Protein chains: 2
Amino acid sequence: MEAMKKDLSPKKQRFVEFIQNFTDVNKRAPTFQEIMNGLKIRSLGTVNWYVRELEHSGSLKRSGASNTKRALMIPEQKQNTGSLPLLGLIAAGYPLEAIENRESIEVPLSYAYSENYVLRVKGDSMIDDNIQDGDYVIVRQQASAENGQTVVAFINNEATLKRYYPKPDGIELHPRNPAYTVIRIGAEDEFKIGGVVLAVFRRYE
Amino acid sequence: MEAMKKDLSPKKQRFVEFIQNFTDVNKRAPTFQEIMNGLKIRSLGTVNWYVRELEHSGSLKRSGASNTKRALMIPEQKQNTGSLPLLGLIAAGYPLEAIENRESIEVPLSYAYSENYVLRVKGDSMIDDNIQDGDYVIVRQQASAENGQTVVAFINNEATLKRYYPKPDGIELHPRNPAYTVIRIGAEDEFKIGGVVLAVFRRYE
DNA sequence: TCAAATACTCGTAAGTTACTCGTAAGAAAT
DNA sequence: ATTTCTTACGAGTAACTTACGAGTATTTGA
């Protein structure tokens, strides 16, 4: 039926996240000892307590039988949640900054397709488009764009958000705010479209 | 199958709203102590009194057994559609403008609760907050707010989006952009909170 | 208009839960 | 057969919830 989402205590949550992250980075599950060091716990007993506890509540499983080493794993997450992966941080004029532990961000159902992804805006470099620090941008991954669409553009490995205007004599990128300057892509520039911007999302706390 | 809205006393209502807020912001329920601090109550006994009272009236439940920590929760009816009603147009300094045919707007699942609604921003009156014409604002309906939260405020029947700062000598409303002026609510002003702003959403075409 | 009921508040302390520790024996992997 | 990991146990503590008794504002109603 439904994936039961136990709401875990902060500490248990941190525990699960550590395992998730470790597995992600090292391509294998941590040992109890590694968890202990990583979380600054001073006793294996404590680690064991967490494992039992979380296993019992279904938030943690193991790939092998009992006693198997490095067997801890996070059970599959729910599928149709209407969320997209947060791929990185974008700041105009800088390369995309990847994110360590892959987060996922909930979006309206109509955006929840596999070719879409989310970027988080860092800094106020897009303030002229009324996009501010911390905003999320929903993007559809594609290499081409229509005239006038807002795209994630990579120019010489620097990322930015601009309107796309192909012209006979080259590509123009316009800021949404006409008070700012137009960028013209020259032959010497390396240029790539990272996707089309579908929406901007800002969470107030 | 209708949401049973007990009419609670203002104080009890504020209590419930605080828990809702806290859970929303912190992704976990508050402890009694945290409620105490947040609501400027000076005794755990008082908090406990509220909890018992509200639990008895059905306005509050707990996720675990008795004595479990951080278990307070508002019985909630989540909508399955992932969309919210668009209640009207908001433009700073004008009354809310109702919408003829009630539309509904898709939102991230985590916002799809029955106490939430959506407003559309009309004009550029909120441009200083980086909210522009056509943006959607997701709001949770409630009459109280915490210090510093962004609220939909009605002052003498004019609607606006501001940060809420209750002070000993009256309420202050701050624009998010510090370059603009602070509003002070006087005794002669009619003031009401229409809800707390949870998010802003902008669709690019 | 006064009394009585109701709604809320206080401080403290006892009772539970959630987590922590150290150590050591048992099982798997090399 | 040694090393690397997992499990077991018992005891302790900090973080939280609940109980209790008494008190003060606010509303009701006669």
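So you know, we letter chains A, B, ... as the sequences are listed, proteins then strands, and number each from 1. Just so we're clear, the structure is a prediction, and the values are computed from it rather than from any experiment.
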J.: Are A:Arg163 and A:Pro175 packed together at the side-chain level, in the sense that at least one heavy-atom pair is separated by less than 4.5 angstrom?
T.: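 Not touching, per the 4.5 Å side-chain cut-off.
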
J.: Taking donor-acceptor contacts at under 3.5 Å, does the side chain of B:Lys69 reach the base of C:dA18?
T.: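 Side chain to base: no pair present.
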
J.: Once you round it to whole Å, what is the distance between P of C:dC10 and CG of B:Asn37?
T.: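 The answer, rounded to whole Å, is 12 Å.
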
J.: Tell me if the CZ atom of A:Phe191 is crowded by more than 12 foreign heavy atoms within 6.0 Å.
T.: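 It does: A:Phe191 CZ has more than 12 such atoms within range.
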
J.: Take the C1' atoms of the five end pairs on each side of the helix from C:dT1-D:dA30 to C:dT30-D:dA1, get both axes, and report the angle to 10 degrees.
T.: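 That helix gives 40° between its end axes.
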
J.: Is any side-chain nitrogen or oxygen of A:Thr46 closer than 4.0 Å to OP1 or OP2 of C:dC21?
T.: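 For C:dC21, OP1/OP2 do have a side-chain N/O of A:Thr46 under 4.0 Å.
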
J.: Is B:Thr68 near enough to C:dT16 that one of its side-chain N or O atoms lies under 4.0 angstrom from OP1 or OP2?
T.: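 For B:Thr68, the contact criterion (side-chain N or O under 4.0 Å from OP1 or OP2 of C:dT16) is not met.
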
J.: What is the distance from CH2 of A:Trp49 to C1' of C:dC19, rounded to the nearest Å?
T.: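 About 5 Å, once rounded to whole Å.
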
J.: Indicate whether OP1 or OP2 belonging to C:dA28 is found under 4.0 Å from a side-chain N or O atom of A:Arg70.
T.: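 Negative; the distance criterion is not met.
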
J.: On DNA chain C, compare the nucleotides closest to A:Lys12 and B:Lys12; which residue's is nearer the 5' end?
T.: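 The residue whose closest nucleotide sits nearer the 5' end is B:Lys12.
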
J.: Within less than 4.0 Å of OP1 or OP2 of D:dA15, is there a side-chain N or O belonging to A:Lys11?
T.: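 Negative; the distance criterion is not met.
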
J.: Take the protein atom CG of B:Asn67 and the nucleotide atom P of C:dT17, then report the distance between them rounded to whole Å.
T.: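 Going from B:Asn67 (CG) to C:dT17 (P), I get 5 Å.
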
J.: Going by salt bridge (Lys or Arg N to Asp or Glu O under 4.0 Å), A:Lys12 matches just one of A:Glu17, A:Glu55, A:Glu53. Which one?
T.: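 The option that passes is A:Glu53.
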
J.: Would you mind reading off the distance between B:Glu34 atom CD and D:dA15 atom C1', rounded to a whole angstrom?
T.: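 After rounding, the gap between these two atoms is 11 Å.
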
J.: With a cut-off of 6.0 Å (strictly less than), are more than 12 heavy atoms of other residues, nucleotides or ligands near NZ of B:Lys122?
T.: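 It does not: B:Lys122 NZ has 12 such atoms or fewer within range.
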
J.: For A:Arg42 and C:dC21, is the shortest distance between a side-chain N/O and OP1 or OP2 below 4.0 Å?
T.: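 Answer yes for this pair, as a side-chain N or O of A:Arg42 is under 4.0 Å from OP1 or OP2.
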
J.: Given atom NZ of A:Lys40 and atom P of C:dT20, what is their separation to the nearest angstrom?
T.: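 Rounded to whole Å, this separation is 14 Å.
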
J.: Minimum heavy-atom separation for A:Leu161 and A:Ile131, please, with both atom names.
T.: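 In terms of heavy atoms, the two residues are closest at CD2-CD1, 3.8 Å.
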
J.: Looking at C:dC19, D:dT18, D:dT6, which one has an atom nearest to any side-chain atom of B:Arg62?
T.: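 Out of C:dC19, D:dT18, D:dT6, the nucleotide with an atom closest to B:Arg62's side chain is D:dT18.
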
J.: Side-chain N or O of B:Thr31 versus OP1/OP2 of D:dA15: is the shortest distance under 4.0 Å?
T.: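 For D:dA15, OP1/OP2 do not have a side-chain N/O of B:Thr31 under 4.0 Å.
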
J.: Between B:Phe32 and A:Ser43, which is nearer to the 5' end of DNA chain D once each is assigned its nearest nucleotide?
T.: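 This one resolves to A:Ser43.
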
J.: Can you check whether A:Tyr50 has a side-chain N or O nearer than 4.0 Å to OP1 or OP2 of C:dT20?
T.: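 A:Tyr50 to C:dT20 OP1/OP2: side-chain N or O found under 4.0 Å.
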
J.: A:Leu8 CG to C:dA18 C1': how many Å, rounded?
T.: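 Rounding to the nearest Å, CG of A:Leu8 and C1' of C:dA18 are 13 Å apart.
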
J.: Any donor-acceptor pair under 3.5 Å linking the side-chain atoms of B:Glu146 with those of B:Asn21?
T.: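 Side-chain D/A pair, B:Asn21 to B:Glu146: absent.
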
J.: Round to the nearest Å and state the distance from B:Ile35 atom CD1 to D:dA15 atom P.
T.: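 Nearest whole value for this atom pair: 18 Å.
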
J.: Take atom OH in B:Tyr204; do more than 12 heavy atoms of anything else shown fall under 6.0 Å from it?
T.: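 Counting other residues, nucleotides and ligands, OH of B:Tyr204 exceeds 12 neighbours.
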
J.: Could you state the atom-to-atom distance from CD of A:Gln33 to C1' of C:dT23 in whole Å?
T.: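 In whole Å, C:dT23 C1' lies 13 Å from A:Gln33 CD.
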
J.: Quick one: is B:Ser9 getting a side-chain N or O under 4.0 Å of the C:dA7 phosphate, OP1 or OP2?
T.: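 No.
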
J.: Surrounding CZ of A:Phe154 (heavy atoms of other residues, nucleotides or ligands, distance under 6.0 Å), is the total greater than 12?
T.: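 Enclosed.
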
J.: So which nucleotide from D:dT7, C:dC21, C:dA13 ends up closest to the side chain of A:Leu44?
T.: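 Minimum distance to the A:Leu44 side chain belongs to D:dT7.
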
